[in-house]
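Indexing begins at 1, ligand by ligand and atom by atom, following the structure's order.
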Amino acid sequence: MIVIGITGGIGSGKTTVTNLFQELGIAVVDADVIAREVIAPGSPLLTTIADHFADHYNLDILDASGQLVRARLREIIFADSAAKEWLNAQMHPAIRDEILHQLEAATSPYVMLSAPLLLENGLDKLCQRVLVVDIPEALQLKRTQQRDSVAQSQIEAIIAAQMSREERLKRADDVIDNSGDTSALAPKVQQLHAQYLALS
Ligand SMILES: CC(C)(COP(=O)(O)OP(=O)(O)OC[C@H]1O[C@@H](n2cnc3c(N)ncnc32)[C@H](O)[C@@H]1O)[C@@H](O)C(=O)NCCC(=O)NCCS
Ligand SMILES: Nc1ncnc2c1ncn2[C@@H]1O[C@H](COP(=O)(O)OP(=O)(O)OP(=O)(O)O)[C@@H](O)[C@H]1O
């Protein structure tokens, strides 16, 4: 199975790009989607995480119906690196297991593995090539703010918790520059698609 890893910092355009590969019939395994599934309401992992933040931070991250209040968890983990490391240690093995499961089940000529922390977490070892979606930090801030209505300082903290743009680009086999209009993406995706089909 040929696996193409796709990564990029917050708001770089990974989902926008993988949607185009999906339109070409390529299966996409998305770590952000899986990260939501492993802490679905009522899951044992969500209970473990909620208990930890209640006991150690006196913080209730669940609403009255037992749903995760994502903004509360986001604020604490990007303000406190020990909280983030603890959460990562709980979630990343579960995310990785589900990624492996979904990669095995994929039937397209190749499969894309999309993960913001692909390189940080060594998920690139599962991939034949790494495609980086690249934009300058100022655009990451602007587009993420437009999408999520989150404070600029919060997005800056998330960027600081991820690999630097330079380091990520150094590790790329292929790069999509997404600083232009979205209409520029389809021809780039088609060119890479032909290259990846040739590998498979
Ligand atoms: C903290 C949470 C609840 C915030 O949820 P929210 O809906 O606000 O954001 P969302 O999940 O859409 O993530 C947005 C972006 O934040 C960045 N991000 C998320 N978690 C992390 C992390 N642990 N380290 C660095 N960046 C991260 C990624 O670029 C991601 O695409 C959520 O991000 C989460 O559960 N994070 C821990 C799991 C994780 O590491 N996910 C990354 C994929 S492996
Ligand atoms: N070329 C572009 N021009 C303008 N807006 C764009 C462009 N590409 C993506 N966007 C918008 O920027 C935002 C971030 O893009 P997207 O959600 O695809 O990024 P992502 O890398 O998946 O983000 P995250 O890591 O935060 O999940 C979205 O609202 C998207 O519609």
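- Atom 36 (N) of ligand 1 has L87 CD2, 4.4 Å as its closest protein atom, hydrogens excluded (heavy atom only).
- By the 4.0 Å heavy-atom criterion, H92 is counted among the residues contacting ligand 1.
- The number of heavy atoms from other shown groups lying within 6.0 Å of NZ (K142) does not exceed 12.
- For ligand 2, the polar-atom distance check against G13 finds a nitrogen or oxygen pair separated by under 3.5 Å.
- In terms of protein heavy atoms, atom 27 (C) of ligand 1 is closest to F78 CZ, 3.6 Å.
- Of the candidates M91, R147, E75, E120, it is M91 that places a heavy atom closest to atom 35 (O) of ligand 1.
- Contact annotation: G11 has at least one heavy atom less than 4.0 Å from an atom of ligand 2.
- Nearest protein heavy-atom neighbour of atom 41 (N) of ligand 1: A35 CB, 4.0 Å.
- Counting the atoms of ligand 1 from 1 in the order shown, those under 4.0 Å from a heavy atom of D32 are 30 (C), 31 (O), 42 (C), 43 (C).
- Of all the atoms in ligand 2, the ones that sit under 4.0 Å from a non-hydrogen atom of T16 are 9 (C), 15 (O), 16 (P), 18 (O), 30 (C).
- Set against the non-hydrogen atoms of G180, the atoms of ligand 2 under 4.0 Å away are 1 (N), 2 (C), 3 (N).
- In terms of polar-atom proximity, defined here as any N/O pair under 3.5 Å, N88 does make such a contact with ligand 1.
- In this structure, the protein non-hydrogen atom closest to atom 27 (O) of ligand 2 is D32 OD2, 3.3 Å.
- Of the candidates I49, I155, L73, it is L73 that places a heavy atom closest to atom 3 (C) of ligand 1.
- At a 4.0 Å cut-off, not a single heavy atom of K14 sits close enough to ligand 1 to count as contact.
- Evaluated by nearest non-hydrogen atom to atom 34 (C) of ligand 1, the leading choice among R36, R74, Q140, R70 is R70.
- Remark: ligand 2 atoms within the under-4.0 Å shell around heavy atoms of N178 are 1 (N), 2 (C), 7 (C), 8 (N), 9 (C).
- R72 places a side-chain N or O within 3.5 Å of a backbone atom of D60 that can act as its donor or acceptor partner.
- At a 4.0 Å heavy-atom cut-off, ligand 1 touches I10 through backbone and side chain alike.
- Distances from atom 6 (C) of ligand 2 to the heavy atoms of R143, R147, Q140 put R143 nearest.
- Contacts of P116 with ligand 2, taken as heavy-atom pairs under 4.0 Å, are absent altogether.
- Residue contacts with ligand 1: Q162 is placed with a nitrogen or oxygen under 3.5 Å of a nitrogen or oxygen of the ligand (distance criterion only).
- The shell of residues lying under 4.0 angstrom from ligand 2, judged by heavy atoms, excludes G8.
- In terms of modelled atom types and a separation under 3.5 Å, the side chain of S108 and the main chain of A27 share a donor-acceptor contact.
- Ranking protein heavy atoms by distance to atom 25 (C) of ligand 1, first place goes to L117 CD2, 3.7 Å.
- The aromatic rings of W86 and H52 lie parallel to each other, their planes meeting at an angle below 30°, with 60° marking the opposite boundary.
- By the criterion of a heavy-atom distance under 4.0 Å, neither the backbone nor the side chain of D148 is placed next to ligand 1.
- Interface atoms of ligand 2 facing D181, defined by a heavy-atom separation under 4.0 Å, are 1 (N).
- Of all the atoms in ligand 2, the ones that sit under 4.0 Å from a non-hydrogen atom of K14 are 18 (O), 19 (O), 20 (P), 21 (O), 22 (O), 23 (O), 24 (P), 25 (O).
- Residue contacts with ligand 1, taken as heavy atom pairs separated by less than 4.0 Å, involve I77 solely via side-chain atoms from C-beta onward.
- Neither the backbone nor the side chain of N121 has any atom closer than 4.0 Å to an atom of ligand 1 (non-hydrogen atoms only).
- Not a single heavy atom of T144 sits closer than 4.0 Å to an atom of ligand 2.
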